[in-house]
Structures are given as structure tokens and as C-alpha cells.
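Small disclaimer: the values here were computed from a predicted structure and weren't measured. Every chain is numbered from 1 and lettered A, B, ... according to where its sequence line falls, protein lines coming before strand lines.
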Number of protein chains: 2
Amino acid sequence: MNKKTAEGTGARSGIKAVAELAGVGIASVSRVLSGQPGSSPQMTQRVLEAARQLGYAPNLLAQSLRRRATHSIGFVGSDINNPLIASIVSGAESVLSVARYSVLLTNSGGIPSVDAERIEVLLQRQVDGLIVLPALEDDPATLAALRNTQAPVVLIDRTLPADIPAHYVLSDHYQGVGDAGRHLLSAGHRRIGLVVGRDVRPTRERIRAVEDAYDGFGTPRDLVVHRGTLSAEHGEEALEAMLSSETPPSAVILGGNQLLEGALRAVDRRKLQLGVDLSLICCDDVPLSRFHQPPIATVMRDTALLGKRAAEVLLAQLESPGKTEPVTLPTWFEPRQSCGRFHPGR
Amino acid sequence: MNKKTAEGTGARSGIKAVAELAGVGIASVSRVLSGQPGSSPQMTQRVLEAARQLGYAPNLLAQSLRRRATHSIGFVGSDINNPLIASIVSGAESVLSVARYSVLLTNSGGIPSVDAERIEVLLQRQVDGLIVLPALEDDPATLAALRNTQAPVVLIDRTLPADIPAHYVLSDHYQGVGDAGRHLLSAGHRRIGLVVGRDVRPTRERIRAVEDAYDGFGTPRDLVVHRGTLSAEHGEEALEAMLSSETPPSAVILGGNQLLEGALRAVDRRKLQLGVDLSLICCDDVPLSRFHQPPIATVMRDTALLGKRAAEVLLAQLESPGKTEPVTLPTWFEPRQSCGRFHPGR
DNA sequence: TTGAAAGCGGTACCAT
DNA sequence: ATGGTACCGCTTTCAA
């Protein structure tokens, strides 16, 4: 298929080689290739032809250095293995890639110091912007790293001190978990367990939501909060702990999808029947949970949308910087058999 | 906490500013900061102090341009939402990040032309290497893109024409699926359905494995192969099609984890009891599948390891280029209730 | 040991 | 419309 001689010898040729072959100046080549106006049709032809012959491909590194823009953004999350995070990344990537931005992905493993370190590296790589899901909202190193840049930063499901110039895309956990709580209370549950992660916005909102639900029922806040990491292991531990207490809760809300697997292990071991012996509600969808026996009631949200919105906010800032209002996306409660049927208050 | 004056004014200062503040030459700063030998203790001190004061952070773009190495690698996959891919990425990222490499992540959506395009962009960004999971093994554009570089390329679960210089990390699908097939055959199944994706290595190996299993039993190859994408939708379609045929298979092997959800929809709709009315085996683990009622038999593999090995092979090539033998990682069959109990051949 | 200067591969200003 | 050239921020001879 080689028309001429050295077509596609490997993308080694630079703009200089193209200029030589075309017998024109370097500046002209740059103009034509970057689609700037002010080139005669002949010039355009010659350059394009030469570039094609040499199989020229621009060195984006050099271009970025000179233009002071890399057309790349950094994503810092805890763990891409979490389908929640994966979905967010995926959503963000989809809108960024149509805008021709590349994504630098980093996993911090949920370790605050790693968050900070990774943010620093990404900034050194001169990313144009950052989408961050930090493990903590008040880690000094992370905050320092974030303060250390002019590049726009979008946070997902976290709120940072006001002195950090950042943009926010949040989920309305309060609504979904509130509905879940009210559902349980009107089903007669009076002692509800809530498994949560670290003290970040979703955790606070979920607790507040259930507390307010109790208040709305004029019932004492008999809420059992279990804190830890949002892992399957913690899900198991948390359920074990709650269920073996003197006065175990009759319903449990899991504040994270990863908890479900562990929770089910504990439930299985104790041969409890979900929806009968214990009501269970999970926050965030898990692939097969609606096919579980019984199906697992879930507080849903569109996680891909979370990533998309974050990317959109970021792109908008890249266009024209400025302050923005937080974007809040809905969550909703989907009752399923695992949270049982109504039965009169005890 | 600001010791001196302008400490941390934003990472705007370059190596030049450091040199000026320290009252030394630029070259010396570079030497000290990049840890090269041949600097007096005083020089080292002065430079370090100046850098600290200015909150200097290197511009990795400039460094990469000059060094002709970016310390970054590109990952091209179909869809990070697939927990399988997510796990691979995660595994790769974990070993790359300890080697201080950054990862550029791209989703192709399983579209061959997008694969090619994304590979091209990553190469223009001068990634030092590539880990690729292309949708097809013979897409001309993708192959051309891959041929277009000196950078080492590692393929996962794909084999390319011999003229492409690439390295391979593969799964031994033949073993796991073979065991699954033999399990079904000895349980008395004679007509087995196999749902697969496009014509890539895993698909071929799985078909071959079941065929050989039939042969090993001296039984006619009564295999029903259904081809399509590896989506939940296709899983549903495939099962609908197979189950509504005149002579439906009594057992089905799903050649991809995403198929399971769809398959379960079809099974539920028909009120079939898995392990009794129909035996089902899924390739690759799905989070809750072992908690399903009944638990889903699965052909397992360590997907994170797949990513780790790929990264290791890549790093080794970056150290010292050369040809390598394909790395093959095991798969194994885990029988569970969904594939029923033994019952005599019909 | 140290620093001046020549690039890396582009972009963009400025004069022609 | 075109091309020379300074420069982006850093590394790396090379000479002092």
C-alpha cells in the first residue's frame, strides 16, 4: 500500500522534516497542520502531502509545552475496582474524549497521603484540570496539593473548606436515604442500623437523613451507626457486630455497595431471611442485587452521570473560569423484597 | 506555616527562578534536583533550599520532551465499567505506580476504529508503552497504529499477526472451560449451549475446549454456539434464542461475565430453576454470583494478576527490549449449584 | 565542580 | 501569505 518510498517508517519524522520535504518554512507547516488561517491553497496542499508521505504525527508533548495546555485531565479516585468509581470514570472519560481530552487515571487506595502525592504528580504533568474523589475532606496534604494550582478542580461527593477554590458535583444522598428511612419507619422498624464509611459528606448526609426521618415520625432516634471502611469485610464485621448485640436493629441500611457482599455473608451464616428476620437496604446498585433472593432494596443514583457532569463542569471552567454553584444529582429509593412488607409498629 | 515570604505562591516557578534565587547556574540546579552526582555539598544545600523556598515543582512535560521518555503508559480497553477490565486496569496501575509511571486510560467502547484512534493519540502523547485489549485481532487500522511505534506493546487476551512486534499476557481459557464442559458432560448433558463474543482468542479457545471435551467423551459435538457482543442484552437474547429452539440445550456456558445478568433475566422470566431445569456456568466472576440462589458455577481467573503481569512485562521491556514468550495465566472451574448435580446420561 | 549553550519539537510574534 | 527566530522548561554535552 506504500505509495511513495518512506511512508510510515515509524512516526519518527518531525515538523522540520515535513518543512524540508515540502520545501517551505517550519512556521508554515505549523500553521497548516494546526489549522490556522492564512495559508494559500497551494501551501496547504504541499504541506499536507509532505506530512502524509512522511506519516507525520505531531509530538503532543512539545505542543503542550509551548501552548501551556496539555489537553489532558487527571482523575484521582480511591479504587477503580469499585464499580461505583468505575462508572464515574467511565462517564467522565466519555465526555472528555469527545472533547479530545485524555485522562490520566490514578488510584489512591483510599489513603489520604497517596491522594495528595498523586495530585502533585498530575499537576507536575501539567494536567489542565482535575477530577478528585479524595478519601478525606480535611487531609492537610491533600488540601495543600489542591491549593497548589491554578487548574480547575472538580470534586465528586466531597466538600472542602471554603478557601479551596473548587467546583462540586454532589449526590443528594439525603433524599434517597431519607426515603429509605421513612419506608422502614412506617413498616414499623424502630431500631435501624446504618453502616457508613469515613466522615465525608455522603456519610454525614445519610446519618442526618435517617435522624430527620425519625424526627418526622416523632419517634426517638434509635439509630445504630457503625463506622469503618466501605469494604466487603467491613460489611461483614458491621453486621456481625450489630446482629450479635443485645438489642439488634431490625433493619440495616448499608452506606456503600461494597458492603453488600460482606453483609450477605453474615446474613447467610446466621440463616436469616431478608425481609422477614431482617430488612436490608443498600446504597448504590450492585450488578446482580436485584436478582438476589430476595431482591435487595436499593438507594439508586446515576453514577455515570456523576462523572459526566464533573467532566462538563471541568470543561466549562477550561473555557471560562469562574465560580460555580454545586451541581446536585438525585438519588432515589427503590424498595424491594429485602426490606420486607409493612407490619404494624411493635 | 510560611517560613519565608513567597513560599508556595502556586507552583509557578521554574528551574530558572531557582537558579537565580540560589545564585547558581541552571545546569547545577538540574543536576542537584535530578539527583545526579557531581555537586558539592554547599551547592546541593543552596539549590535545595531555594527550591524549597519557591515551592518548586518540576515540569514533567519539559523533562519528558528533553529526556525522550514520559514515564507514562497508555491503557486501551473497551469499557472500564466491565469489572473485568476495571480489575485489569487496577492491577496494572498498582504495579506501574510503584514504578512511578502514570497511566493514560482510554475506553474504546469495543469499537475497532476507536481502538486505533486512541492508540494513535497515546503514541502522539509519547507514552513509553502500551497495554491494549483491542476489540478485534485483525482490524487493519488498529494493526497499523500498533505497527507505527517503537514503544513496547503488551496485549491482554489477544493474539496478533506475527509481524506485529508485541508481547502477550493470556488466560488459559482452554483449561477452565474444558473442565466446565467435562463437568457438564459427565453430569449427563449432551447438548451444551455456548454464548461467546467476537472471534478473538478467548472465544476460539472456549469453543475448542468444549469441542475437545465432547471428543474426550466420545460423544458427538452437539454444541450450540451463539455469537454476539458480551453485553447483558446479548446474554438475554442468546438465552431466549437457545431456550425457545426446538431442541434447547440442557446446559449453557456464558463466555463473559456481563452476559450473566441478561441470562438471569431470561431464566427468571421462564421460571426455570437453575441446576434443575437448566445448568448454567459463567466465565469470570461477578460480585454477587456466589450468593445467587442457587450460586452460579464459574470459570474463575485472577484478573488483577492479568493486569499486573502485563505491567511487569511492559516495565521489563522498558528496561531492556527484546522478544518475550507469551505469559499464560490459569483459569479454573468452580462448580456450584447452578450447574446441578450429576444425573445419568440420557 | 560549575555554567554556558545547544537542543527536544513544536508555536507564535514579527518583519518581509 | 510566508519564513526567521525566540521561546516553552528542562537535560546534557562541553569547556573552563
Touch class at under 4.0 angstrom, heavy-atom based, for A:I26 against every strand present: base

Would you classify B:R68 as touching base, sugar-phosphate or nothing, given that sugar-phosphate means primed atoms plus P, OP1 and OP2, and contacts are heavy atoms under 4.0 Å? sugar-phosphate

Looking at A:S40, I'd like to know whether one of its side-chain N or O atoms comes within less than 4.0 Å of OP1 or OP2 on D:dT2. yes

Using a heavy-atom cut-off of 4.0 Å across all strands, would you classify A:V24 as base, sugar-phosphate, or nothing? sugar-phosphate

Identify which nucleotide among C:dG3, D:dC10, C:dT11 has an atom closest to any side-chain atom of A:Q63, counting heavy atoms from C-beta outward. C:dT11

Criterion salt bridge (Lys or Arg N to Asp or Glu O under 4.0 Å) on A:R52 and A:E49, from CA distance to verdict: CA-CA 5 Å; A:R52 202 191 55 69; A:E49 171 59 16; 3.3 Å; yes

For C:dT1, does OP1 or OP2 lie under 4.0 Å from any side-chain N or O of B:S39? no

What nucleotide, of D:dT11, C:dG3, C:dG9, holds the atom closest to the side chain of B:L65? C:dG9

Of B:Q42 and B:A62, whose closest DNA chain C nucleotide lies nearer the 5' terminus? B:Q42

For a quick test of reading the model, state the closest non-hydrogen atom pair linking A:V32 to A:M43 and the distance between them. CG2-CG, 4.1 Å

Distance-only side-chain donor-acceptor flag, B:R46 / B:S28, under 3.5 Å: no

Strictly below 4.0 Å: does A:Q36 bring a side-chain N or O up to OP1 or OP2 of C:dA12? yes

Report yes or no: is there a donor-acceptor pair, N or O only, under 3.5 Å between the side chain of B:R66 and the base of C:dG7? yes

Over all strands shown, is B:G14 touching base, sugar-phosphate only, or nothing at heavy-atom distances under 4.0 angstrom? sugar-phosphate

Of the nucleotides D:dT2, D:dT11, C:dA12, which has the atom closest to the A:R67 side chain? C:dA12

Distance test, side-chain N/O of A:S30 to OP1/OP2 of C:dG10, below 4.0 Å: no

